[in-house]
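Heads up, the thing below is written out as structure tokens.
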Amino acid sequence: MLRSAFLYLSEQQQIFKFVRNNKLAKSFANRFVAGETLESALGAVARLNAAGITASLDLLGESVHNEAEARVAGQAYVNMLDRIYERKLDANVSVKLTAMGLDISEDLCVTTMHKVLQRAREYRTFVRIDMESSEYTQRTLDLFEQRLYPAYRENVGIVLQSYLFRTYADVEHANLTKARVRICKGAYKEPDTVAYPDKKDVDTSYIRCMHALMQYGNYPGIATHDEAMIKEAKRFAKENHIAHDRFEFQMLYRSARSGIHI
Ligand SMILES: Cc1cc2nc3c(=O)[nH]c(=O)nc-3n(C[C@H](O)[C@H](O)[C@H](O)COP(=O)(O)OP(=O)(O)OC[C@H]3O[C@@H](n4cnc5c(N)ncnc54)[C@H](O)[C@@H]3O)c2cc1C
């Protein structure tokens with residue numbers, strides 16, 4: 001049932017420099033980063049594929065500062081899709097809209113994303129739009145729904161975070177539009193005006209969202225390392241006769257390779 005792992009590939013120079021030169025940071029980063037170059041990350045993908053695991057590659061580094069940087073980042077994703085296709089790997093990509101120019105202009109971001117999505121469509125593969133901090137949630141969902149999803153229904157999906165109060169409503173909406181969703185708990189430090197401060201509430205929300213996606217959603221990605229969530233997904237699938245090919249589990253690199261019992 002373990003179908004997907006999530007690989008991070010860092011090309012952001014400052015982070016790179018720090019990680020390369022700092023022993024502690026390097027050993028921490030190696031837990032999650034599949035490779036410092038595209039080729040080494042693709043090698044990691046090939047090893048995962050051989051173990052029956054699909055991968056999603058993410059080029060690390062969030063906001064870009066000008067149009068040229070956004071175009072370079074977009075082109076890096078196009079190259080990544082080309083190499084995945086050439087090597088016949090079972091992998092897709094995950095992308096942050098701020099890396100595609102969202103902070104500079106929405107039109108730039110859409111133009112950059114069109115290039116990535118057109119290539120993904122040619123190869124019949126998939127692009128997941130990562131979710132960033134809550135200041136981007138509405139913008140990300142609007143841009144997805146109004147400007148990308150209508151043109152690339154089969155090739156693009158989103159991420160929702162169970163720590164936000166709003167998320168169950170977003171899940172219900174995504175189920176109506178049949179958009180593909182990855183559900184995660186959420187990784188950013190958020191104020192208690194928008195997000196549950198207590199882990200138990202985040203977990204309760206996660207289970208509620210996960211159930212709704214499994215029952216009514218379009219092939220949800222259940223992204224977690226929490227064995228209690230994984231166990232609950234399996235129990236819920238069995239109880240409701242939800243076939244294993246209607247959803248997938250997703251984990252960060254290494255967690256998927258080495259530890260968690262699915
Ligand atoms: C595939 C994937 C994609 C993601 N995409 C996004 C995104 O787009 N936006 C976003 O905000 N967040 C994203 N996240 C991060 C997510 O929101 C959480 O911050 C993170 O996954 C930790 O939550 P958890 O569900 O694993 O459970 P937690 O409750 O945090 O942890 C449960 C247990 O898992 C262990 N654990 C936590 N992390 C790891 C790990 N890396 N390896 C092994 N064990 C671990 C903990 O020690 C704990 O025992 C993603 C996570 C995954 C797995």
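Whatever order the structure lists them in is the order used to number ligands and atoms, beginning at 1.
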Does a side-chain heavy-atom distance below 4.5 Å link N175 with E172?
no
For residues D58 and Y77, determine if any side-chain heavy atom of one lies less than 4.5 Å from a side-chain heavy atom of the other.
yes
Run the numbers for me: atoms of ligand 1, each under 4.0 Å from some heavy atom of [X], listed by number.
| X | value |
| --- | --- |
| Q250 | 1 (C), 53 (C) |
| D130 | 8 (O) |
| Y188 | 11 (O) |
| A223 | 1 (C), 2 (C), 52 (C) |

Closest non-hydrogen atom pair, [X] against [Y]:
| X | Y | answer |
| --- | --- | --- |
| L102 | R139 | O-NH1, 3.9 Å |
| V202 | Y196 | CG2-O, 3.7 Å |
| V194 | S134 | CG2-OG, 3.9 Å |

N/O of [X] under 3.5 Å from N/O of ligand 1, yes or no?
| X | answer |
| --- | --- |
| D203 | no |
| K185 | yes |
| Y163 | no |
| L252 | no |

Which option, M131, R182, E132, owns the non-hydrogen atom nearest atom 3 (C) of ligand 1?
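It is R182 whose heavy atom sits nearest to atom 3 (C) of ligand 1.
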Mode of V159 contact toward ligand 1 - side chain, backbone, both, neither (heavy atoms, under 4.0 Å)
side chain
With heavy atoms only and a cut-off of under 4.0 Å, state how M251 meets ligand 1: side chain, backbone, both or neither.
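Within the 4.0 Å criterion, M251 contacts ligand 1 through backbone atoms alone.
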4.0 Å heavy-atom contact, K199 with ligand 1
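So K199 counts as touching ligand 1.
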So is E227 touching ligand 1 or not, going by heavy atoms under 4.0 Å?
no
Less than 4.0 Å between a side-chain N and a carboxylate O, is that true for R83 and E39?
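A salt bridge links E39 with R83.
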Note: E227-K231 ion pair, threshold 4.0 Å (strictly below):
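Salt bridge flag = no for K231 with E227.
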Quick one: does any side-chain atom of N155 pair with a main-chain N or O of F126 as donor and acceptor, under 3.5 Å?
no
Assign the ring pair Y152 / H114 to parallel, tilted or perpendicular, where the plane angle (0 to 90°) is split at 30° and 60°.
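Taking H114 first and then Y152, their aromatic rings sit tilted (interplane angle of 30° to 60°).
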